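Below: one structure, written as structure tokens.
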Amino acid sequence: PPADLERMFEVSPAYHIDKVKVPTLFLLGAKDRRVPAVDPIQYARALRARNLEARVVMFPEDTHALSGVQTEYEGWLTIVGWLRRHIIVENELGDLVFDETEE
């Protein structure tokens with residue numbers, strides 16, 4: 001029924017893309033049956049069209065779980081690099097801390 005389609009659209013991330021205000025990182029398994037790779041790729045393109053940074057990292061041998069040993073290693077390195085770049089700073093003691101400054 002049309003009401004079901006409308007509800008599905010309302011809960012879709014695409015419906016709320018105009019609310020995204022921060023850089024976004026996507027980690028994807030190429031063999032994911034739940035989330036087709038084209039969906040986050042299109043979402044990232046839409047974010048970039050709004051001048052927001054978006055990065056897509058695809059792991060060719062993984063599914064939705066991203067559970068391969070190499071994937072976990074590379075995934076965490078990617079996440080830490082992303083966080084360091086966007087929300088973590090080094091304080092005067094050399095410790096890594098979250099940047100709590102307002103923009």
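Because the structure is predicted, anything quoted here is derived from the model rather than measured.
- Between P23 and L52 the shortest side-chain heavy-atom distance does not fall below 4.5 Å.
- Hydrophobic clustering keeps W82 apart from L28 (ILVMFWY residues linked when any side-chain heavy atoms are closer than 4.5 Å, directly or through intermediates).
- Considering every non-hydrogen atom in both V35 and P40, the closest pair reads CG1-CD, 3.9 Å.
- Atom CZ of R48 has more than 12 heavy atoms from other residues, nucleotides or ligands within 6.0 Å.
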Indicate every side-chain donor-acceptor pair of residues 9-18 with a distance under 3.5 Å to a residue at least two apart or in another chain.
| unit_1 | atom_1 | unit_2 | atom_2 | d |
| --- | --- | --- | --- | --- |
| S12 | OG | A14 | N | 3.1 |
| H16 | ND1 | K19 | NZ | 2.9 |
| H16 | NE2 | E10 | O | 2.7 |

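- Cluster annotation: F26 is not connected to L66 through the hydrophobic network of ILVMFWY side chains, with a link wherever side-chain heavy atoms come within less than 4.5 Å.
- Within the structure, every pair that satisfies the salt bridge (charged side-chain N to carboxylate O under 4.0 Å, His left out) test and touches residues 49-76, not counting sequence neighbours, is listed here: K31-E61, E53-R85.
- For the atom pair OG1 of T63 and CG of D32, the computed distance is 6.5 Å after rounding to the nearest 0.5 Å.
- A 4.5 Å side-chain heavy-atom check between L27 and F59 finds at least one atom pair inside the cut-off.
- Interatomic distance, OG1 of T78 versus CG of L83, reported as 11.0 Å (0.5 Å rounding).
- M58 and A37 get closest at one heavy-atom pair: CE-CB, 3.4 Å.
- Legend: side chain to side chain donor-acceptor pair (under 3.5 Å) pairs involving residues 34-43, not counting sequence neighbours: none detected.
- Through direct or indirect side-chain contacts shorter than 4.5 Å among Ile, Leu, Val, Met, Phe, Trp and Tyr, L77 is connected to Y73.
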